[in-house]
Structures are given as C-alpha cells and as structure tokens.
Amino acid sequence: MSHAAPAHKRILLKLSGEALMGDDSFGINRATIVRMVEEIAEVTRLGVQVAVVIGGGNIFRGVAGGSVGMDRATADYMGMLATVMNALALADAMDKQGLVARVMSAIAIEQVVEPYVRPKALQYLEEGKVVVFAAGTGNPFFTTDTAAALRGAEIGAELVLKATKVDGVYTADPQKDPSATRYTKLSFDEAMSRNLGIMDATAFALCRDQKLPVKVFSIIKHGALKRVVMGEDEGTLVYA
Ligand code: UDP
C-alpha cells in the first residue's frame, strides 16, 4: 500500500458527453457512468477536491438532425440543456455510489438545479462534495472545453483533466499508425504549432493565459485518473 500524497489538491475534470455513451451511438450508458464514477470516487478518497464540467455531445447527437438549418444560438442553447441532462445523470450515479454531488448550472433553471455561484462552489469543494458544472459557460458560441478552462481558472484548480478515449496526445493517430508515440508533456505553444487539436482555440488560449496546465488522459483505462492525480506518468501534460 502506498502512502504517497496526491500531487494535486483541486482538479477540474472535463468529461465530454461521448464519455457517458459507452459503445452506444448516443445517449447515456448507465454501466459506463457507474464505472466512471468509481474512478472519480477513488480520487476523492485520496482527499482530492473534484469539480466536473460535463459536455453534451452524446445527447445532442440524437437531435442533431433536427438542428440543421437552425439558428446557431438556439442550437447552442439546446446543447447547453443537453449538458444539464448529463449532469443530472452523473450526479445521480454519484449519490448512488456514496459521493455527495452538487450540480450547478450556468443557465438559471432553479427548479431543476441550483445556479452557479462561485463562492458556493468553492464551499462545496472545501466540504469534499463533487461539484458538477452544467450548461457550459451559459453562452452560445462556446464549448464545454472553454467552460472547463473558465471554471478551472475561477475555482483555482491546479490542473484541468481532459478525459478522452485515448491515453494522451500522440504523434499520430495510434489506431492508424502503430509507430505513433505518446507525448509525455509539451508546451501550449508546441501543441498549437503542431495543430494537435487538444481543445478548441478559445479554451486553449484561456488555459495558456492563466498558466493552467491541461492533462489529456483516458477515462476508459482503469486507474488512469488516480495515476494522474498521484503525479505518475500517465497521459500527456500540456503546460504553460
Ligand atoms: N455549448 C454552448 N456554450 C457553452 C458550452 C456548450 O453553446 O459554453 C453548446 C454547444 O452547442 C455545444 C454543446 O453545447 O456543441 C455541447 O457541448 P460540447 O460540444 O462542448 O460537448 P462535448 O463535445 O464535450 O460532449
């Protein structure tokens, strides 16, 4: 048994909607959520404060056809509402698995979830509750990656963890090119000049300006989240 302390005290975990889908083509896969919550529970037991920004792509995919030709801002508000559904599902699974979770929405829907209030979010984190940030930034034309950068900076997270299906950033697509190697770390400038497409440009610029490092890691690989939190060689670190 290891007695090492975690390398980070407060983290912001960005989960895309796709992460909740499992192998389904859209929607929420319960078993996938349960597994993910187990990984999150493990790091909270280490005393790490965890905030989550959840995406909405998995739900939006189911209605994307209907949004063709739609006003962009309207479609984006639908996308933000999709993240609220995911947040509710995630928080429910957390409660069932013994974590105390609080959902905070960037869009006022107070009958459903409480609004985002920064001091309250900080208080919950100090109390060891997992805070799930829903509805992105609350503004159209942004992404939940940008919400992750924004909330990460606001709550003073030491690290933004971007969960993907691949265990880091590779020199080429590892599924197509077996000689591709994983970057252990690289600077924001390197990532931008190599066009690695880790996050959208707005999210990236915000993290770089705020010197908020981003770790790209696999949410599927068992124990990877814990390894990241323990500061072990897992995923890819993008640093300022
Ligand atoms: N969205 C938005 N503003 C935000 C965050 C999200 O308008 O601040 C909308 C946008 O339409 C986006 C959708 O919500 O496509 C779902 O978010 P995202 O694509 O980031 O989810 P993910 O791909 O991570 O599942």
Side-chain angles (χ1 to χ4, degrees), residues 11-30 32-33 36-37 40 50-91 93 103-109 112-113 115-118 121 131-155 157 160-166 169 196-207 210 212 214-220 225 235 238:
I11 59 169
L12 188 296
L13 173 63
K14 161 66 210 293
L15 293 174
S16 71
E18 263 82 20
L20 306 186
M21 214 159 78
D23 293 328
D24 299 347
S25 49
F26 63 87
I28 297 170
N29 181 287
R30 186 72 188 182
T32 301
I33 291 203
M36 205 172 303
V37 170
I40 295 170
V50 181
V52 179
V53 166
I54 181 81
N58 57 320
I59 291 176
F60 201 68
R61 188 172 289 197
V63 295
S67 71
V68 174
M70 195 183 259
D71 179 65
R72 165 74 193 265
T74 305
D76 280 349
Y77 279 111
M78 287 169 66
M80 285 184 263
L81 292 176
T83 73
V84 177
M85 294 170 74
N86 281 335
L88 290 174
L90 191 62
V103 180
M104 297 189 129
S105 172
I107 293 175
I109 7 175
V112 186
V113 283
Y116 170 66
V117 177
R118 179 172 173 266
V131 181
V132 181
F133 294 123
T137 64
N139 302 290
F141 305 103
F142 288 94
T143 64
T144 52
D145 276 358
T146 300
L150 176 65
R151 295 290 184 245
E154 281 189 84
I155 64 167
V160 169
L161 279 81
K162 167 133 173 138
T164 62
K165 287 182 177 171
V166 185
V169 181
L196 293 170
I198 296 167
M199 288 175 143
D200 66 84
T202 311
F204 224 66
L206 189 51
C207 288
Q210 296 307 316
L212 177 57
V214 177
K215 180 81 125 175
V216 180
F217 78 107
S218 166
I219 192 69
I220 301 169
L225 177 60
V238 189

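Excluded from the calculations below are hydrogen atoms, water molecules and symmetry mates; all remaining heavy atoms, backbone and side chain alike, are included. In listed order, ligands and their atoms are each counted from 1.
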Would you check whether [X] has a nitrogen or oxygen atom less than 3.5 angstrom from a nitrogen or oxygen atom of ligand 1?
X	value
Tyr77	no
Ser16	no
Lys14	yes
Thr144	yes
Pro140	no
Phe142	yes
Gly17	yes
Asn58	no
Gly56	yes

Residue [X] vicinity, atoms of ligand 1 by number, heavy atom under 4.0 Å:
X	result
Asn139	2 (C), 3 (N), 4 (C), 7 (O), 8 (O)
Thr137	4 (C), 8 (O)
Gly57	21 (O), 22 (P), 25 (O)

Exercise for the section: May I ask you to test the Arg151-Val131 pair for a side-chain heavy-atom distance under 4.5 Å? Expected result: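 No, too far: nothing below the 4.5 Å cut-off.
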Problem - For Val37, all residues meeting side chain to side chain contact (heavy atoms under 4.5 Å, CB included), sequence neighbours excluded - result: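 Ile33, Leu90, Ala93, Met94, Gln97, Leu99.
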